[in-house]
Amino acid sequence: MVKSLYKTLFAFFLLIPFSGMAQEEEFDQFLSEKPQKLEITDEMKEAERSYNEKILEQIAIHRKNGFEIYKEDRVALIAGQDRSVYITLEEGQWYHFVYVGDPHAGKISVNLFLEGVGDFVNDRLKPQQDGEFWSEFSFLCPQTGNYELSFFQRCPISRPLSYLTVFRRTSSAAGNL
């Protein structure tokens, strides 16, 4: 019995270096493969143009209506996976959220959530049916806290376009209500 255990351990330790060599060969092959070039089509260029125009349009509209940009950034998404970001909001402040998704998306979902309270906003879009690929909503913050914004896009593109702008009502504009 002891001899068979020694034989098993000897065979096991003898095979370890060979399995590592096989993994190294696979890794070297992976490194030597050239990445596939993505061919940019006219349809993709048009979608990106529409996306950029929608972002600039929404910024102009909401600045004109007395809002300032509180936060804005591209949201790195992978199609078919949820992504959450956290944002600190202050009680009594009026915020306006604009999320511009990918024009190719089949489904876009945006949720605003606060731990212990629940969902405040749950917006779902079907861009290919409605032609709208952005979501916007106003929010009068009931309590200061770190709010969770989650995003989801079902899209044929692995890294869909995704941009969030959060506006805050300026104090001078708020006094004009």
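Here, residue 1 is the first one in the sequence, and each next residue gets the next number.
A pairwise comparison of heavy atoms in P142 and E91 identifies O-CG, 3.4 Å as the closest pair. In terms of heavy-atom proximity, C155 sits nearest to A79 at O-CB, 3.5 Å.
For the 3.5 Å distance criterion, the side chains of D82 and S150 fail to qualify, holding no donor opposite an acceptor.
Side-chain contact check for I69 versus T165: some heavy-atom pair is nearer than 4.5 Å. By the 4.5 Å heavy-atom criterion applied to side chains, L112 and F137 are counted as neighbours. Between E136 and D123 the shortest side-chain heavy-atom distance does not fall below 4.5 Å. Contact of the L164 side chain with the L149 side chain is registered, since non-hydrogen atoms from C-beta on lie closer than 4.5 Å. Counting heavy atoms from C-beta on, the side chains of N52 and K54 never come closer than 4.5 Å. Within the 4.5 Å cutoff, the side chain of Q153 has no heavy atoms near those of the K107 side chain. Using a 4.5 Å heavy-atom cutoff, the side chains of N146 and I87 are not in contact.
Under a hydrophobic clustering in which Ile, Leu, Val, Met, Phe, Trp and Tyr are joined whenever their side-chain heavy atoms come within less than 4.5 Å, directly or via other members, V100 and I157 fall into different clusters. In terms of hydrophobic clustering, with Ile, Leu, Val, Met, Phe, Trp and Tyr side chains grouped at heavy-atom distances under 4.5 Å, F152 and V110 are assigned to different clusters.
At distances below 3.5 Å, not a single donor-acceptor pair connects side-chain atoms of Y147 with backbone N or O atoms of V85. Formation of a donor-acceptor pair under 3.5 Å by the D102 side chain with backbone atoms of L161 is found in this model.
With a 6.0 Å cutoff to the six-membered ring centre and a 45° limit on the axis angle, R83 does not count as a cation-pi contact of F151.
Take I61 and apply the side-chain contact (heavy atoms from CB on, under 4.5 Å) test, not counting sequence neighbours, and it matches E57, Q58, N65. When the side chain to side chain donor-acceptor pair (under 3.5 Å) test is applied to S162, the partners found at least two apart in sequence or on another chain are Y99. Take E53 and apply the salt bridge (charged side-chain N to carboxylate O under 4.0 Å, His left out) test, not counting sequence neighbours, and it matches R49. Under the rule for a side-chain contact (heavy atoms from CB on, under 4.5 Å), the partners of F113 that lie at least two apart in sequence or sit in another chain are E115, D119, E148. Residues meeting the side chain to side chain donor-acceptor pair (under 3.5 Å) test with E68, sequence neighbours left out: R168.
The aromatic ring centroids of F133 and Y51 lie 6.0 Å or more from each other.
Taking the six-membered ring where the residue is Trp, F139 and F120 present perpendicular rings, their angle passing 60° and hence far from 30°.
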For residues 71-78, run the donor-acceptor check on the side chains, cut-off 3.5 Å, and write out each pair with its distance to 0.1 Å, sequence neighbours left out.
residue	atom	partner	partner atom	Å
E72	OE1	Y163	OH	3.0

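The OG atom of S138 lies 7.5 Å from the NE2 atom of H62; values are rounded to the nearest 0.5 Å. Taking OG from S50 and NE2 from H104, the interatomic distance works out to 9.0 Å, rounded to the nearest 0.5 Å.
Tested against Y70, the residues Y95, F167, W94, F97 include a single ring pair (Phe, Tyr, Trp, His ring centres under 6.0 Å) partner, Y95.
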